[in-house]
J.: 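One structure, pasted below without further comment.
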2 protein chains.
Amino acid sequence: MDKQKSNYHHGNLYQSLINSAGDMIQEQGIDSLSMRKLADYVGVSRTAPYHHFKDKNQLLCAIAETGFKLQDEFVSPDHSEVNHHVITVDAKDNGLQELERLVQSYIQFAITHPAHYDLMYGGKIWKQKLATESLEIASRHSFKHWLERIEEFQARKVLNQQESSLRLAQVAWATLHGLCRLTNDGVYVDNDDVLEMGKTAARMMLSNATDSSGS
Amino acid sequence: MDKQKSNYHHGNLYQSLINSAGDMIQEQGIDSLSMRKLADYVGVSRTAPYHHFKDKNQLLCAIAETGFKLQDEFVSPDHSEVNHHVITVDAKDNGLQELERLVQSYIQFAITHPAHYDLMYGGKIWKQKLATESLEIASRHSFKHWLERIEEFQARKVLNQQESSLRLAQVAWATLHGLCRLTNDGVYVDNDDVLEMGKTAARMMLSNATDSSGS
DNA sequence: CCCTTATCTTGACGGTGTCAAGTTGCATTG
DNA sequence: CAATGCAACTTGACACCGTCAAGATAAGGG
């Protein structure tokens, strides 16, 4: 019909590649993404992507970057508010509920976007120090965001104030990261289980463990 | 000289492959191990390994299995005893010291054998359900071993008795796993740091968090 | 209108996992 | 002791992969 664009020049390949690649890893996993399949999927020749990304690695970094932005939305308080519709400021439970909500948000992101999560925190990018500068910025920003939320809980005495906030943020993060990795990597079984484990983890983090039995 | 073995028949290729592959991933990482390079290294043709392993995956499973045996040594109480030469049964510290020792052992294994650790708990094997039966047995045995040690700490009231021991073992494991993954994947920085974080994690797991400042 | 420049294509190279068919030589049996 | 069977190994081939080099295409500015 009126396909006036001769499609030799695609128009906006760069964005198209990132979007399609994101879709593909979501469905097929990160390891079965190849430059050639991606190019084919978008409808260009094998090497066309190399005019927009120096490397396969640079493409992956770009995808990871969108992942961080996605995660920031998930973990931000606003998003929690939407999902759980009320923030009950009840002194009694020492903020456990809110901590649980933060934990659930983190886990929820990881298990609904496992491939992105893989990329963001997997060895593929970071181990060989191949991260793009802009990716590094995004990841640092993301951790800073996390750190602030932890400090907030420390200030409200939900989390132990005697630990260094940095250390606490790191360990808390590692805990959730471990849960998510084990789940996404298929070592654990169920997606429902991990959310329950998140609650246990939240309880474990509390500054003083009360005699809290399960829900 | 007296190389009477005509080396057309290698003799014990199976073990040789596992050993050499173990060495290679220790030096080069898991991703840069190829069947062809391995065969070349051992001194046989490209496809010789396929008479002993149906798949590359089966080779990886075999390596992972040796990893689990190695880990069991690291985490067993005997090994700790050797490294720390005295088990001080001091009631005062509520067993925190011993818990820390367990944690250190786990981390120590992960960071001294990062490639094996990758394989043992990475998605490469488990996600697509490609694990050998014998690997699955080894891994289950390993977790059972871990569970028992956690239950022991629960019985001594070092860890919370109100949590299900399974859940507690899973979460404790996930916590350490997260620390190790982040370190091995290069997201965190230092190998010394992670051991210190392990101590924080151990403190967090305690049934009642006393006013314990750092060491 | 022509020429620059960004964009995309085709061809090629070395690397990968793995299958099929052929080769070698040890071991067992007649 | 010779023939034979069988396990261990090799060579060749195929379909992928990431990526480089050289050429084709078209859009846009002089």
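Note on naming: letters A, B, ... go to the chains in the order of the sequence lines (proteins, then strands), and numbering restarts at 1 for each one. FYI, side chains are in, hydrogens and waters are out, and symmetry mates aren't considered; it's all heavy atoms of this structure. Predicted model only: the values in this text are computed from it and were never measured.
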J.: Is B:Arg46 side chain donor-acceptor paired with the C:dG15 base, going by distance under 3.5 Å alone?
T.: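 Under the 3.5 Å cut-off, the side chain and the base do not form any donor-acceptor pair.
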J.: Over how many whole Å does the gap from A:Asn12 atom CG to C:dA6 atom P extend?
T.: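 Taking atom P of C:dA6 as the reference, CG of A:Asn12 is at 18 Å.
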J.: For D:dC17 and A:Ser34 - does any side-chain N or O of the residue sit under 4.0 Å from the phosphate oxygens OP1/OP2?
T.: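 Affirmative; the distance criterion is met.
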J.: Both A:Leu13 and B:His51 contact DNA chain C. Taking the nearest nucleotide for each, which residue is further toward the 5' end?
T.: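 Whichever sits nearer the 5' end wins; that is A:Leu13.
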J.: Taking the six-membered ring for Trp, are A:Tyr14 and A:Phe53 parallel (under 30°), tilted (30 to 60°) or perpendicular (over 60°)?
T.: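 Rings of A:Tyr14 and A:Phe53: parallel, under 30°.
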J.: Is there a side-chain contact between A:His52 and the phosphate of C:dA6, meaning an N or O under 4.0 Å from OP1 or OP2?
T.: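 Result: no.
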J.: Any side-chain N or O of A:Thr47 less than 4.0 Å from the OP1 or OP2 oxygen of C:dT9?
T.: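 Checking A:Thr47 against C:dT9: no side-chain N or O falls below 4.0 Å of OP1 or OP2.
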J.: Roughly, in whole Å, what's the span from NZ in A:Lys124 to C1' in D:dG18?
T.: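 Atom NZ in A:Lys124 sits about 13 Å away from atom C1' in D:dG18.
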J.: Can you check the B:Lys56 NZ to C:dC19 P distance for me, whole Å?
T.: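 Spelled out: NZ on B:Lys56 to P on C:dC19 is 14 Å.
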J.: Take a 6.0 Å sphere around CZ of A:Phe143 and say whether it holds more than 12 heavy atoms from other residues, nucleotides or ligands.
T.: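 More than 12 heavy atoms, drawn from other residues, nucleotides or ligands, come within 6.0 Å of this atom.
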J.: By nearest atom, which of the nucleotides D:dG18, C:dC8, D:dT11 is closest to the A:Ala48 side chain?
T.: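 For A:Ala48, the side-chain atoms sit closest to C:dC8.
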J.: What residue among A:Asp193, A:Asn191, A:Leu195, A:Ile107 forms side chain to side chain contact (heavy atoms under 4.5 Å, CB included) with A:Thr183?
T.: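 One option only clears the test, and that one is A:Asn191.
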J.: Between atom OH in A:Tyr50 and atom P in C:dT10, what is the gap in whole Å?
T.: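 Answer to the nearest Å: 16 Å.
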J.: Ignoring hydrogens and angles, are the base of C:dT18 and the side chain of B:Arg36 linked by a donor-acceptor pair under 3.5 Å?
T.: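 Such a pair exists between side chain and base.
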J.: Expressed in angstrom and rounded to an integer, what is the separation of B:Asp40 atom CG from D:dC9 atom P?
T.: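 For the pair B:Asp40 CG and D:dC9 P, the rounded distance is 15 Å.
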J.: Between D:dC16 atom C1' and A:Leu33 atom CG, what is the distance in whole Å?
T.: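 Going from CG in A:Leu33 over to C1' in D:dC16 covers 14 Å.
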J.: Tell me whether the rings of B:His145 and B:His141 are parallel (<30°), tilted (30 to 60°) or perpendicular (>60°).
T.: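 Taking B:His141 first and then B:His145, their aromatic rings lie parallel (interplane angle under 30°).
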J.: Rounded off to whole Å, could you give me the CG-to-C1' distance for the B:Leu59 and C:dT16 pair?
T.: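 The distance from CG of B:Leu59 to C1' of C:dT16 comes to 15 Å, rounded to the nearest Å.
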J.: Is there a side chain to side chain donor-acceptor pair (under 3.5 Å) between A:Glu65 and A:Ser134? Walk through the geometry before answering.
T.: CA-CA 8 Å; A:Glu65 213 174 317; A:Ser134 82; 2.6 Å; yes
J.: Between A:Leu60 (CG) and D:dG18 (P), how many Å, whole number?
T.: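 To the nearest whole Å, that distance equals 10 Å.
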J.: Students often get this wrong, so: under 4.0 angstrom with heavy atoms, is A:Lys37 touching a base, only sugar-phosphate, or nothing?
T.: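 The residue A:Lys37 makes sugar-phosphate contact but no base contact.
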